[in-house]
**Q** 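Just dropping this structure here.
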Amino acid sequence: MDRQEEILPTEHEVYHPSAEAISEAVIKDYDALYARSVADPEGFWATEAKELEWYEPWDQVLDDSNPPFFKWFTGAKTNIVHNALDRHVKTWRRNKLALIWEGEPGDRRSYSYYRLWQETCRFANVLRSMGVQKGDRVTIYMGRVPELAIAMLACAKVGAVHSVVYGGFSEQALADRIDDAQSRVLITQDGAWLRGKIVELKKTADEAIRRSPVVEHVIVLKRTEQEIYMEPGRDYWLHDLLALPIAAPTCSTEVMDAEDPLFILYTSGTTGTPKGLLHTHGGYQVFTSTTLKWVFDFKEADRWWCAADPGWITGHSYIVYAPLILGATSFMYEGAPTHPYPNRWWKLVESYGITILYTAPTAIRGLMRFGDAWPNRHDLSSLRLLGSVGEPINPEAWRWYHRVIGKDKCPIMDTWWQTETGGFMITPMPSVPLKPGSATRPFPGIEAEIVNEEAEPVKANEDGYLVVKKPWPGMARTVYGDPDRFVSQYWERFQKQGYYLTGDSARKDEDGYFWIIGRIDDVIKVSGYRLGTAEIESALVSHKAVAESACIGIPDELRGNVIWAYCILRSGYEGSDRLVAQLKDHVRHETGPITVPAKIEFVDKLPKTRSGKIMRRVLKAQALGQDVGDISTLEA
Ligand code: PRX
């Protein structure tokens, strides 16, 4: 098993919640709740589902007649937007702030539930007027702006399936995703602000549409206001569309089956192109809202800041859907944490009175490097809880976050989960004792285990495959358009037992605490972003000089991992610093800035198995100066 990162177990370092924290927590006794949940998971999830409104109730909580294609709340009629918006505007919450936003240049906007609902209705009417119907796919390629959330909600309201593509991806990545989803409508913006510069989203979108001509209409938000190309008859400014009489502030919500698709979100896997994980309305709304409510201990007066990008699952579940379902006030910030100075985030926490901050280890490490003086300049006393997600958090970064940001009084919720799981799976709650670097224990209703090749549980502190033994409502239902891939990637490995293979290795200590080690497949986490070696290798090989390439992840103090690429050149080409620079540029252009290798090396040969598979673990061991292990399958 390939160990990506060594975490020092810190068994003796336990942070116990205070008696006061326990008495104020929504969930006071995790053990009792957990025991109850796994004794009767269906009853447990049904109770939580009843917290929400349904147009019609379900006939069956879990339909497991065709594993691994599980169905939840079958027969129920619903729409997640009904729970996220429609029901709130009928109550006092219509005047509560739903979303507060600050742009990188310092401009501010806020939306009450009523206003957010109206804007969603207007956008939904625009979509309907363009012929968007239930089941149609709409691709969204935007920065961190309120209109992104509104666009997602508008799609869901009319029953369309959104596919949000992270704004940091380049044209080929966008084109592939548009093509796979066959989206006729694309929603984008002229540009997004990042580090004082414009990320030219529309320009990239134009190139992607050239490569994937299925798009018929493009809706463009004006944000950065530079001159852009607008194709007559194809491209429309959002503000022009919203000025039309069709953009009325009320709009009916499409009645959906609980199992109707809500969104597709592409993520990297072991092989080939990114796969589109499909999530549905019914189970997803129950799972995301229950997990957020308990793990982050939601109180009506909280100001929640999930600093992720809405283009990733974290943003889908915990910026857009779950906080709105809970009637929370969310904060969203457009730009870079260090712009114009490294105190930007701390200034935001102070000015907006943020009570819960949820971010990623890479951001914490990035800000930690500027020292304590920047956060210490600000009043961070509004914070009561902190969160972490995306990769294992190093105990050192954990302690800094706890001490300097949380002033030793804010517990850190280290949430382990995945695009595929929809929401938190292994995570503490405020009443659970914490160990820095451990995501602690499974969420109620979730049965996680560490097993060996034979699917047997391993002993305490031994490495193994992290699996989930039973279905849960937030799980992805399939890979869009490729159900075989869903089976082969996640379910074939432990088919007999019916376990879900997470792709992570982990260990469990004698207290039952889970310690995530890292990926066991060819997925690399760079700054918390999940990248497939296959995508970066394809980008390299699409350059005329490269015949073959292999990429590996090398541990990096700041970014978790960085990419090292090995390339075999085509005849007639020679390796040089200039070519390295050209290749980096090419990858940036093809798949986006986060995918650019930190190092590119030219080689004559790559280690391969006799069947021709590249042995990346051999490259990695060599790069790290480690023993290459069993290479009996290596080609001579
Ligand atoms: O390796 C695990 C790591 O992120 C992977 C999932 O990536 P993605 O689908 O992009 O979702 C990220 C946000 C949910 C996992 O397989 N991971 C996520 N959270 C943690 C983590 N590793 C350790 N600790 C975490 N808290």
Side-chain angles (χ1 to χ4, degrees), residues 26 36-37 40-65 69-94 96 98 113-114 116-117 120-121 124 133-135 149 152-162 250-263 278-294 298 316-318 320-328 421-424 443-446 470-478:
V26 180
R36 200 153 32 84
S37 72
D40 174 19
E42 290 179 42
F44 168 76
W45 289 117
T47 307
E48 290 316 306
K50 284 180 193 148
E51 296 278 306
L52 303 181
E53 290 183 5
W54 303 76
Y55 299 129
E56 280 175 39
W58 51 89
D59 307 318
Q60 204 179 351
V61 177
L62 170 65
D63 172 357
D64 55 3
S65 57
F69 300 98
F70 299 100
K71 292 181 181 164
W72 286 86
F73 308 109
T74 48
K77 300 282 182 200
T78 190
N79 187 311
I80 196 165
V81 178
H82 176 84
N83 283 303
L85 294 175
D86 299 355
R87 66 172 176 152
H88 296 312
V89 299
K90 289 183 245 146
T91 70
W92 65 270
R93 279 217 185 95
R94 73 201 320 256
K96 183 175 172 177
Y113 271 88
Y114 190 63
L116 193 64
W117 171 77
T120 300
C121 289
Q133 289 177 358
K134 186 170 177 168
M152 290 164 72
L153 291 159
C155 287
K157 193 169 175 70
V158 302
V161 182
H162 57 71
T250 56
C251 172
S252 63
T253 302
E254 198 73 35
V255 174
M256 310 295 284
D257 286 336
E259 281 295 315
D260 276 337
L262 168 64
F263 66 83
L278 186 84
H279 286 277
T280 57
H281 278 256
Y284 179 80
Q285 64 182 356
V286 175
F287 191 64
T288 53
S289 59
T290 309
T291 46
L292 187 63
K293 179 174 65 180
W294 288 349
F298 261 71
H316 279 57
S317 300
Y318 299 116
V320 181
Y321 290 112
L324 292 174
I325 294 171
L326 297 178
T421 71
F424 311 148
F443 190 80
I446 303 300
K470 297 269 172 64
W472 65 100
M475 67 201 304
R477 299 300 193 261
T478 189

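For reference, positions follow the sequence shown, starting with 1.
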**Q** Side chains of W72 and F287, heavy atoms from C-beta outward: is any pair under 4.5 Å?
**A** no
**Q** Side chains of I325 and K293: closer than 4.5 Å at any heavy-atom pair?
**A** no
**Q** If you compare all heavy atoms of Q285 against all heavy atoms of T78, which two are closest, and at what distance to 0.1 Å?
**A** NE2-OG1, 3.0 Å
**Q** Given side chains that start at C-beta, do those of Y284 and S317 come closer than 4.5 Å, heavy atoms only?
**A** yes
**Q** Give me the atom names and distance for the closest heavy-atom approach of P323 to L292.
**A** N-CD2, 3.6 Å
**Q** Is the shortest heavy-atom distance from the side chain of D40 to the side chain of E42 under 4.5 Å?
**A** yes
**Q** For the residue pair K157 and W117, establish whether any side-chain heavy-atom pair is separated by less than 4.5 Å.
**A** yes
**Q** With heavy-atom distances below 4.5 Å as the criterion, would you say the side chains of H162 and H316 are in contact?
**A** yes
**Q** Does the side chain of T478 reach to within under 4.5 Å of the side chain of F69, using non-hydrogen atoms?
**A** yes
**Q** Contact between W472 and L62 at the side-chain level, heavy atoms closer than 4.5 Å - yes or no?
**A** no
**Q** Are T291 and Y318 close enough, and set up right, to give a side chain to side chain donor-acceptor pair (under 3.5 Å), and what steps lead you there?
**A** CA-CA 10 Å; T291 46; Y318 299 116; 2.6 Å; yes
**Q** Answer with yes or no after comparing the ring centroid distance for W294 and F443 against a 6.0 Å cut-off, counting only values under it.
**A** yes
**Q** Short question: side chain of K96, backbone of G327 - any donor-acceptor pair under 3.5 Å?
**A** yes
**Q** Verify side chain to side chain donor-acceptor pair (under 3.5 Å) between T253 and D86, making sure each step is shown before the conclusion.
**A** CA-CA 8 Å; T253 302; D86 299 355; 2.5 Å; yes
**Q** To check you understand the geometry: which heavy-atom pair defines the closest contact between T120 and L116, and what is its length?
**A** OG1-O, 2.7 Å
**Q** Please give me the minimum heavy-atom distance between A84 and Y113, naming the atom from each residue.
**A** O-CE2, 3.7 Å
